[in-house]
Amino acid sequence: MPHRDVVSATAAIGALTRRGRHRDALAMFSRVLADGVAPNEFTFGTVLRSATVLRAPRVGAQLHACAAKLGLCSNVFVGSALLDHYAKMGAMREAQGALEDTREPNVVSNTALIAGLLKNGMFDEADRLFRRMPERNLISWNAMIGGCSQAGLSEDAVNLFLEMCREGVTPNESTFPCVLTSVANAGALGVGRSVHASAIKFLGKLDVYVGNSLVSFYARCGSLEESVLAFKRMKQKNVVSWNALICGYAQNGKGEEALNAYKTMRATGLKPNNVTLLGLLFGCNHAGLVDEGYALFKAAEREQPGILKPEHYACVVDLLSRAKRFDDAKKFLEDLPFEPGIGFWKALIGGCQIHWNRELAESVAERIHALDPKDTSSYILLSNVYSAAGSWQSVSRIRREIKEKGLKRITGCSWIEVQDKVHVFFNGDCRHPQSEEICAMLGACLYTREDDQHEQSTE
DNA sequence: TTAGGGTTAG
């Protein structure tokens, strides 16, 4: 039945958008136009959302042109929706243009722009706008915190959260997942525990998003007990909750536990997704469960080929080469349904390093150099293979090559939190005030461990 | 009828 008036047409389109039927919403919009009904600012607000979710920039541009023809672009609803659409498509210039066309921009327009700026890596601009905008609400704070958290600006995200609380703005269920992801990234267990406590204080009941972030946060900070406890306390669990648990086990080297959790998850009737499989493969990898991992991959290939991504294939290469199954790994690489990127060869050379496979390491390093002559990691790995095999001449040749080609290695770092302070250490870093004591203690630990291993092997 | 903010893997 055709819609005669714009109000009922907009309501119908809005209902489709809310139900996630975005294609149908766009189709209905076209029909409404064909019926000769002129859309209003609310109609554009709704359909633009559908175009954004579908990531359809061409549809967005058509809608923009249509709104312009009707003289609606100065309206703040249309302006904000256009702004949000362009920002999410990564077209920041068009987003700014939409804001300039808006006659009276409000807190929504500014928040949409902030979110877009952060998504496109423009932190300083976003922060400047946030500081000077005339009105800020909870959603603006969440946009800043969430944007920083997703951009990896963990410290900024946590500081913003603290600032927000100081200003008396009450965080909601959207605030906490972002903050918890950030404290997890920073490895700040103590800070995260306080955030957990404040979530209980402000929210009372924790929803599935907050619960999932807690499970992941505790596991990523190495506290598996608290992670499992947070998981058990969740009233409602979805596939993301199970993924958080499985990945937590995997990251902490508990491959068997990850597999058991997966079995329980299947028993509840939930289907795994790509993240579940990745977590499982990762867990098997680190626990040396080669056959189990390979079997899971094969099962996914048969039952859910749609979830397989290059990362999963790379994990299998890693799994096989770590287990010294180089022939299987090479065969697997040859049979890949796509052209392997540099990461695949790095996974293979990693195994060569563990098992001192000098010949294969050399040929793989050649391949990596062909793909990316500036890549340092393969040089380092190759030189490690040589030094493990005792060919010091080759080691010094590689080191010379690295120097001559002006390649720089990116220094890895680790960190630990002690009494709410995070201490960061780089490779060979002696700048910590207690550096000497730390090294002495590490030495003592390593010595004891080697002793243990020696005792075990002579038993 | 209406525009802006959330979780898991790498």
Side-chain angles (χ1 to χ4, degrees), chain A residues 3 5-15 17-18 39-49 52 72 75-85 87-88 95 98 102 105-116 118-119 133 135-150 171-181 184 206-217 219-220 227 231 234 236-248 250-251 258 272-283 307 309-312 314-315 318 343:
Chain A
H3 292 278
D5 64 310
V6 63
V7 174
S8 66
T10 306
I13 295 172
T17 305
R18 276 193 300 280
N40 64 14
E41 62 272 34
F42 303 135
T43 328
F44 280 104
T46 310
V47 278
L48 273 163
R49 215 176 99 75
T52 308
L72 287 171
N75 177 278
V76 69
F77 287 101
V78 180
S80 304
L82 276 171
L83 168 54
D84 183 56
H85 171 78
K88 285 189 176 140
T102 310
N106 59 12
V107 61
V108 179
S109 332
N110 284 323
T111 305
L113 185 57
I114 284 182
L118 287 169
K119 204 157 266 166
M133 60 200 257
E135 188 198 337
R136 291 191 300 213
N137 60 17
L138 173 61
I139 301 185
S140 333
W141 280 101
N142 286 350
M144 274 301 281
I145 296 171
C148 289
S149 132
Q150 264 163 20
N172 71 354
E173 60 281 0
S174 294
T175 319
F176 287 100
C178 307
V179 182
L180 286 165
T181 306
L206 305 183
D207 74 6
V208 68
Y209 282 86
V210 180
N212 292 345
S213 335
L214 277 172
V215 174
S216 168
F217 153 72
R220 287 176 60 193
S227 168
F231 179 82
M234 290 177 71
Q236 205 192 12
K237 295 181 183 90
N238 59 18
V239 66
V240 176
S241 326
W242 286 97
N243 287 350
L245 184 73
I246 290 170
C247 295
Q251 282 175 339
N273 67 12
N274 60 328
V275 178
T276 325
L277 182 62
L278 206 56
L280 288 167
L281 290 174
F282 195 68
I307 69 168
K309 293 186 173 189
E311 297 96 285
H312 299 105
C315 243
D318 201 12

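Each chain gets a letter, A, B and so on, in the order its sequence line appears, and its residues count up from 1.
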Protein-proximity profile, nucleotides 5-10 of chain B, B/S/- by nucleotide at the 4.0 Å heavy-atom cutoff, equals BBBBBS
Report the residues that fulfil side-chain hydrogen bond (donor to acceptor under 3.5 Å, both in side chains) with A/Asp84, sequence neighbours left out, ordered by chain and then residue number.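 Only A/Lys88 meet the side-chain hydrogen bond (donor to acceptor under 3.5 Å, both in side chains) criterion with A/Asp84.
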Send over the distance from A/Ile13 CD1 to B/dA3 C1', rounded to a whole Å. 15 Å
Length of the CG-C1' vector between A/Leu83 and B/dT2, whole Å: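 A/Leu83 atom CG is separated from B/dT2 atom C1' by 16 Å.
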Who pairs with A/Val107 by side chain to side chain contact (heavy atoms under 4.5 Å, CB included), at least two apart in sequence or on another chain?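 Checked A/Val107 against side chain to side chain contact (heavy atoms under 4.5 Å, CB included); matches are A/Thr111, A/Met133, A/Glu135, A/Asn137, A/Ser140.
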Just to verify, what does A/Ala87 make a side chain to side chain contact (heavy atoms under 4.5 Å, CB included) with, not counting sequence neighbours?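 Expected list: A/Met92, A/Ala95.
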Contacts of type salt bridge (Lys or Arg N to Asp or Glu O under 4.0 Å), residue A/Arg220, not counting sequence neighbours: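 For A/Arg220 there are no salt bridge (Lys or Arg N to Asp or Glu O under 4.0 Å) partners, ignoring immediate neighbours.
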Ring center gap for A/Phe42 and A/Phe77 short of 6.0 angstrom: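 For A/Phe42 and A/Phe77, the ring centres are under 6.0 Å apart.
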Partners meeting ring-ring contact (aromatic ring centres under 6.0 Å, His included) with A/Tyr209 (sequence neighbours left out):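 A/Tyr209: no ring-ring contact (aromatic ring centres under 6.0 Å, His included) contacts found.
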Once you apply a heavy-atom cut-off of 4.0 Å, does [X] come out as touching a base, just sugar-phosphate, or nothing?
X	value
A/Asn137	base
A/Val78	nothing
A/Arg136	nothing
A/Val6	nothing

